[in-house]
Every structure is written in structure tokens, then in C-alpha cells.
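No experiment lies behind these values; they were computed from the predicted model shown.
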Amino acid sequence: MLHAALAYGARGANLKRPAAALLAVCLGAAPVQADETFTIAALGDSLTHGFGLPQHLGFVPRLEAWLNDRSAVPVTVLNAGVSGDTTAGGRARLDWTLSDDVDGVIVELGGNDLLRGIDPAESRANLDAILAELSARGLPAILAGLPAPLNYGPEYKAAFDGMFPDLAGKYGAYLYPNFMAGISTEEDAAQLVGLMQPDGIHPNAEGVERIVAHIGPLVLRMIEEHAPHS
């Protein structure tokens, strides 16, 4: 890198950055580039946070490793998952989650809204606000859904399930319909149980690996389409 001492000419005038880059080219060196790392904030609940698992085996570190094995640019995934968080909680902490280095966001929220039976209209409003802010900042986003069971009736399920594709379409976000898709399609019930922790809600380490392998290609696509130097 060119140090500050090289930023002065014979008369002591300050050499601006474009001139410094030109000097580097003339000397046969590549111009200094900005940090090429693509940073993703994973905004979610316990599924994102890695509940019940050693830190290095949770969703975020495993996704980061998966991406760095395949991405043309270095990738950092920030763990912005909070166990027990709802869409309202994610909305409330969005601003301080979006540090200046964030280049893209994965939004994985709604599971705790389901567990609490929160009105889907409220969940939709929160996710709408989150995606609106990301859109305003020019940040690409992946919206990960989670299909509702029929416990609250077909109308609730239709309203809850429908908000994910509707909002993804509204804001041009990447839609990932079911965060648990990597394991929820397992037909063998015994094998499915073997991918979950004893609570039957959170994936174990092997389950996380399958989830990562399933969602990974979409995250990689987001990086490839939005990384400045890809």
C-alpha cells in the first residue's frame, strides 16, 4: 500500500487518491482496492443464532464456511440472531444491526410469531418495515419463510404463508420459502428426528449442515449478483 509519505510531491502538495492510483499503475503495481469482503447480516431468531449448539456449529459460522469454500470473494456472516425474537424484535434492532460494512441481509423471522399466535397482519407489517428499510439502503436481502401449521386454522396459515412471497415480490428480495427446507422434506420420520435436537424445534449439528447446503446456493447467488468485484 502507498503510505502517507508518498502522498506528497516535490513541492509538498498533497497527492489525491486518484493520482496515487495512477502513480501505482505507472509503477506497474495494481491500484489499491477497497475491502472486497462481502458482509452479510443474518437477522433472525434462535434458528439463526444457533440455539443449543456449540458456537462454531451454528448456522452462521457453518454458512460462512460453506460460502468461503465457493465464493469468488471473501465472505463474512454476522450473527444477528436472537433466541426468542419475533418480527417485532427484529424490526426494533434493525438499525443498529446494519453497520456500515453490511452488504446484504438474510431475514429469518416469524417462527416465534407462530409459536405465540401473533396476528399475521402484525408480522407482515414488521417484515414490510424491515424490507422497506433494506430497500431504502440499497441492500439486497433474502427473505426466509417458515410455513405455518394448521393449528390456528386455514385462514391463519394462508395469511402467514402468503406474506413471504408477497413481500419478497414487493421489494425485489430473494425468496427462500422455508428456512427448514433442507431437512423438512425428509420422508423418513426416524431420520428427520435424527436431524433435530430433543426439543423437536431446533436442528442439531447435522441438521444445520443440511440447512446450510440447501440455502447456500441462493446466498451465493446474492453475493455473485451484488459483490462489487465478483
**Q.** Verdict with reasoning, Thr48 to Leu43, per side-chain contact (heavy atoms from CB on, under 4.5 Å)
**A.** CA-CA 7 Å; Thr48 292; Leu43 179 71; over 6 Å; no
Q | Residue pair Leu53 / Ala205: nearest heavy atoms and the distance that separates them | A | CD2-N, 3.6 Å
Q.
With a 4.5 Å cut-off on side-chain heavy atoms, are Trp66 and Pro217 touching?
A. yes
Q: Show the numbers, then the answer: is there a side-chain contact (heavy atoms from CB on, under 4.5 Å) between Leu134 and Val107?
A: CA-CA 10 Å; Leu134 297 180; Val107 180; 4.0 Å; yes
Q) At their closest point, which heavy atom of Ser99 faces which heavy atom of Leu78, and how far apart are they? A) OG-CD1, 4.3 Å
(Q) Quick check: closest heavy atoms across Ala168 and Leu143, and the distance to 0.1 Å? (A) N-CD2, 4.1 Å
Q. Just by modelled atom types, is the Val75 backbone N or O under 3.5 Å from a matching donor or acceptor in the Asn68 side chain?
A. yes
Q) How long is the span from the CG atom in Leu131 to the CG atom in Leu94, to the nearest 0.5 Å? A) 9.5 Å
Q) What are the two closest heavy atoms between Ser83 and Ser46, and how far apart are they? A) OG-CB, 3.5 Å
Q. Should the ring pair His202 and Phe51 be called parallel, tilted or perpendicular, given that the plane angle runs from 0 to 90° and is split at 30 and 60?
A. tilted
(Q) I'd like to know if Arg124 pairs up with Asp128 as an ion pair, taking the criterion as any Lys NZ or Arg NE/NH1/NH2 lying under 4.0 Å from an Asp or Glu carboxylate oxygen. (A) no
Q.
For Ala148 versus Asp161, what's the shortest heavy-atom pair and its separation?
A. N-OD1, 2.8 Å
Q. What distance separates Lys170 NZ from Leu127 CG, expressed to the nearest 0.5 Å?
A. 11.5 Å
Q.
Between Glu64 and Val77 (side chain of the first, backbone of the second, donor and acceptor by atom type, cut-off under 3.5 Å), is there such a pair?
A. yes
(Q) For His49 and Val82: C-alpha separation, side-chain torsions, deciding distance, then whether side-chain contact (heavy atoms from CB on, under 4.5 Å) applies. (A) CA-CA 6 Å; His49 181 256; Val82 174; over 6 Å; no
Q.
To the nearest 0.5 Å, what is the distance between CZ on Phe179 and CD1 on Ile211?
A. 5.5 Å
Q) Can Val208 be reached from Leu218 by stepping across I, L, V, M, F, W or Y side chains whose heavy atoms are under 4.5 Å apart? A) yes
Q) Would you say Leu114 and Pro149 make side-chain contact, with heavy atoms under 4.5 Å? A) yes
Q) Taking the side chain as C-beta and beyond, is there a heavy-atom pair between Ile40 and Ile223 under 4.5 Å? A) yes
Q: Identify, with sequence neighbours excluded, every residue that meets side-chain contact (heavy atoms from CB on, under 4.5 Å) alongside Glu206.
A: Leu195, Asn204, Arg210
Q) Are Phe38 and His226 close enough that some pair of their side-chain heavy atoms sits under 4.5 Å apart? A) yes
Q: Sort and list the pairs that fulfil ring-ring contact (aromatic ring centres under 6.0 Å, His included) and have at least one residue in residues 131-152, not counting sequence neighbours.
A: Tyr152-Tyr156
(Q) If you define the side chain from C-beta out and look only at heavy atoms, does anything of Leu63 sit under 4.5 Å from Ile106? (A) yes
Q | Atom pair CG/CG of Asp45 and Asn112 - distance to nearest 0.5 Å | A | 5.0 Å
Q | Atom pair CZ (Phe160) and CG (Asp113), whose distance is rounded to the nearest 0.5 Å | A | 6.0 Å
Q | Flag side-chain contact, heavy atom, 4.5 Å: Val105 against Leu98 | A | yes
(Q) Is there a side-chain contact between Leu47 and Pro203 in this structure, where contact means two heavy atoms from C-beta onward sitting under 4.5 Å apart? (A) yes
Q) Do the side chain of Thr86 and the main chain of Gly89 share a donor and acceptor less than 3.5 angstrom apart? A) yes
Q: Could you give me the CA-CA distance, side-chain angles and deciding distance for Leu146 and Asn178, then say whether side-chain contact (heavy atoms from CB on, under 4.5 Å) is met?
A: CA-CA 5 Å; Leu146 193 67; Asn178 181 3; 3.6 Å; yes
Q. If Ile, Leu, Val, Met, Phe, Trp and Tyr residues are connected whenever their side-chain heavy atoms lie under 4.5 Å apart, and connections chain through other members, are Ile118 and Ile130 in the same group?
A. no
Q. If we only count heavy atoms from C-beta on, is the Met196 to Met180 side-chain gap below 4.5 Å?
A. yes
Q | Smallest separation among heavy atoms of Ile183 and Gly207, with atom names | A | CG2-O, 3.8 Å
Q: Return each pair, listed once, that meets salt bridge (Lys or Arg N to Asp or Glu O under 4.0 Å) where at least one residue sits in residues 90-100; pairs must be two or more places apart or across chains.
A: Asp85-Arg93, Asp95-Arg137
Q: Measure from the side-chain N and O atoms of Lys157 to the backbone N and O of Leu150, and report whether any donor-acceptor pair falls under 3.5 Å.
A: no
